[in-house]
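Single-structure report; data block below.
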Amino acid sequence: MSAIEQTAALQFPALQPPRRYLFGPGPSMVHPRVYEALSKPIVGHLDPYFIQVMGDVQQLLKTAYGTTDGATLVISGTGSAGMEASVANFVEPGSKLAVFANGYFSDRLTDMAKRQGANVVRLEKAWGETFTEDEAAEFIQREKPAVVAYVHAETSTGALQRGGAICAAAHDAGALVIADCVTSLGGVPVEFDKTGIDVAYSCTQKGLSCPPGLSPMAMSQRAMEFLRARTTPSRSWYLDLKLIHDYSTVSHRYHHTAPISMFYALREALIVITEEGIENRWERHRRSHRSFVKGIEAMGLRMHVPEEHRIATLNTVCVPEGVDEAKVRKHLLDEPGIEIAGGFGPLAGKVFRIGVMGPLATEENVQFFLKEFKKALTAGGYSV
Ligand SMILES: *Cc1c(COP(=O)(O)O)cnc(C)c1O
């Protein structure tokens, strides 16, 4: 080894990431088979083998999303890229977008739509609350928007917004519906067709137990028709869904170089889910969630969201009086190597955000977490 090489080896030792239990809102634990898929040899993005992989992913996504009529495709970018693609393709400059605003990600949607030149109207609620069927219908009837957007599982608050009434009212008004399913897909039922969603986007690193990097989307026939009929091009070239749909499902002509390894990973993650059975997977997450909540309440702690509106995979636990939540999180990370998240925005310092998803959603892992959480809380000044 030369002197320069030796110095480099000292300054940049081989990667050795710490072992973490990812009990946060994401990224979540990656299945060993998915890691294996990531190490497979690269082929070209126009290679017939890769085209087949893309086709498999689209087919597997239909099961995960719960759609037979819809088109599925994958955006090369994280969940926010799917959000931006949805907005840039379905919200035209000057058109009216109605947003159900009850957390951080509906604010991000609002910001993106304003940048696209949309006329955004919002129905607002406190972080952690949800909208009733009547409130949803009344808002849409009053505003008569071209597009409606809601966040199915609001990761900043732990609240689940059911979409059936929103979609029904939107369709009565002739509007398309965009649903943010970033945290829900793969962990809790999305049921794209049954709910009546027109455009859904998600990510790979939360409910699908895959690393971050892709955004799987689904679009209804109605949404596809809108795209075909749209006369002005989307302002985003990279996220133009007409071009991406053509590349990934029709002509397979070059649009961009798809991240091959991530598609391998997503394909494997979706096969793992299909083998378990999507409904069994939802049930496993529900069981783990019930067990988690039981343990939390037994410690004298409270959940932030009322029982019937909780996301099974992402729990918001109220920080008890007098406890320094940052200290608790640091203790968990330093000692057992557990990552959880704190609240932010209006919930800063008020909640812990704890994900119980994918491989971690088992009774054994829930009990392991609860035991360590109790120790960390005690260290943070709480008497259980
Ligand atoms: C994580 C998240 C996003 C953003 O996804 P990224 O992969 O971080 O870009 C959007 N919406 C919700 C509800 C999320 O939880």
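Residue numbers run from 1 in the order of the sequence given. Whatever order the structure lists them in is the order used to number ligands and atoms, beginning at 1.
- For His252 and Tyr247, the ring centers sit 6.0 Å or farther from each other.
- Partners of Thr316 by side-chain hydrogen bond (donor to acceptor under 3.5 Å, both in side chains), not counting sequence neighbours: none found.
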Item to complete: May I have the step-by-step check of side chain to side chain donor-acceptor pair (under 3.5 Å) for Glu225 and Gln221, ending in yes or no?
Response: CA-CA 6 Å; Glu225 192 45 52; Gln221 288 300 329; over 6 Å; no
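- Between the side chain of Arg267 and the main chain of Asp56, no donor-acceptor pair closer than 3.5 Å is present.
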Short N or O separations between ligand 1 and the protein, below 3.5 Å:
{"from": "ligand 1", "atom 1": "7 (O)", "to": "Gly79", "atom 2": "N", "distance (Å)": "2.9"}
{"from": "ligand 1", "atom 1": "7 (O)", "to": "Gln205", "atom 2": "NE2", "distance (Å)": "2.8"}
{"from": "ligand 1", "atom 1": "9 (O)", "to": "Thr78", "atom 2": "OG1", "distance (Å)": "2.7"}
{"from": "ligand 1", "atom 1": "9 (O)", "to": "Gly79", "atom 2": "N", "distance (Å)": "3.4"}
{"from": "ligand 1", "atom 1": "9 (O)", "to": "Ser80", "atom 2": "N", "distance (Å)": "2.8"}
{"from": "ligand 1", "atom 1": "9 (O)", "to": "Ser80", "atom 2": "OG", "distance (Å)": "2.6"}
{"from": "ligand 1", "atom 1": "11 (N)", "to": "Asp180", "atom 2": "OD1", "distance (Å)": "3.4"}
{"from": "ligand 1", "atom 1": "11 (N)", "to": "Asp180", "atom 2": "OD2", "distance (Å)": "2.7"}
{"from": "ligand 1", "atom 1": "15 (O)", "to": "Thr155", "atom 2": "OG1", "distance (Å)": "2.3"}
{"from": "ligand 1", "atom 1": "15 (O)", "to": "Thr183", "atom 2": "OG1", "distance (Å)": "3.1"}
{"from": "ligand 1", "atom 1": "15 (O)", "to": "Lys206", "atom 2": "NZ", "distance (Å)": "2.7"}

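- Between Phe23 and Phe373, the ring center distance fails the sub-6.0 Å criterion.
- Note: Trp237 and His255 meet the aromatic proximity criterion, with ring centroids under 6.0 Å apart.
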